[in-house]
Amino acid sequence: MDILEILRDTGALLEGHFLLTSGNHSDRYIQCAKMTQYPEYCEDICRAMAKSFQDAHVDVVIGPAIGGILESYEVARQLKARSIFAERENGVLILRRGFEIKERERVLVVEDVTTTGSTTKEVIDLVKGYGGIVVGVTSIVDRSGGSIDFGVSFKPLIIVDFNTYHPDECPLCKEGLPYIKPGSRNIAK
Ligand code: ZN
């Protein structure tokens, strides 16, 4: 299974001029919701993520809302684990809806795309705050080029190193191309 091909075929891999959550600009953006429109693709991709942790005795799978909800749910289903998600309230990631993590429960963190890893790190801290054991992190795409260190096992399906530019040095800005903001921390991701 070629993950990039699936992302491209489903329109999840976008080319253009994008403002990333980090504030940097890029010529490519991955919108995984375009892929998860197709549950059979989502099932296949999540099977690959689940496989990396099939022997990790995962009790709970957690993802950050909204981007990580579908993937973490499907990974949990395949690992026969519980599925929960974290969401932002006043800018802080928390568990709501009666979700909880019990002390010593083994927790896998699932993301769609990791860029700087800041959201994922918040999820890890949240799990640890409940006394859970973070057995690892997986994502469909690590677009940091493999530079993120979570301090736990991190197994993304693919690692990409897309061009990322500081706004002052963005060649697309210099060409006068308008950028779009595909998702934001407060809304979509
Ligand atoms: Zn730009």
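Every number for a ligand or one of its atoms is a count from 1 in the order of the listing. Quick note: numbers below take in every heavy atom, side chains included, and nothing from hydrogens, waters or symmetry partners.
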N/O donor to acceptor pairs below 3.5 angstrom from side-chain atoms of residues 98-109, sequence neighbours left out:
from, atom 1, to, atom 2, distance (Å)
Glu105, OE1, Arg82, NH2, 3.1
Glu105, OE1, Lys102, N, 2.8
Glu105, OE2, Arg82, NH1, 2.8
Arg106, NE, Ala56, O, 2.8
Arg106, NE, His57, O, 3.2
Arg106, NH2, Ala56, O, 2.9

Show which side-chain atoms of residues 164-177 pair as donor or acceptor with protein atoms under 3.5 Å away, not counting sequence neighbours.
from, atom 1, to, atom 2, distance (Å)
Thr164, OG1, Phe162, O, 3.4
Tyr165, OH, Asn163, ND2, 3.4
His166, ND1, Asp168, N, 3.2

Pairs under 3.5 angstrom only: tabulate donor-acceptor contacts from the side chains of residues 43-51 to other protein residues two or more places apart or in another chain.
from, atom 1, to, atom 2, distance (Å)
Glu43, OE2, Arg47, NH2, 3.2
Asp44, OD1, Arg47, NH1, 3.2

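Neighbours of the Zn ion (ligand 1) restricted to protein N, O or S atoms under 2.8 Å: the count is 4.
Phe18 is not listed as a side-chain neighbour of Asp27, based on a closest heavy-atom distance of 4.5 Å or more. Asp112 places none of its side-chain heavy atoms less than 4.5 Å from the side chain of Val141. In this structure, the side chains of Phe150 and Ile124 come closer than 4.5 Å at one or more pairs of heavy atoms.
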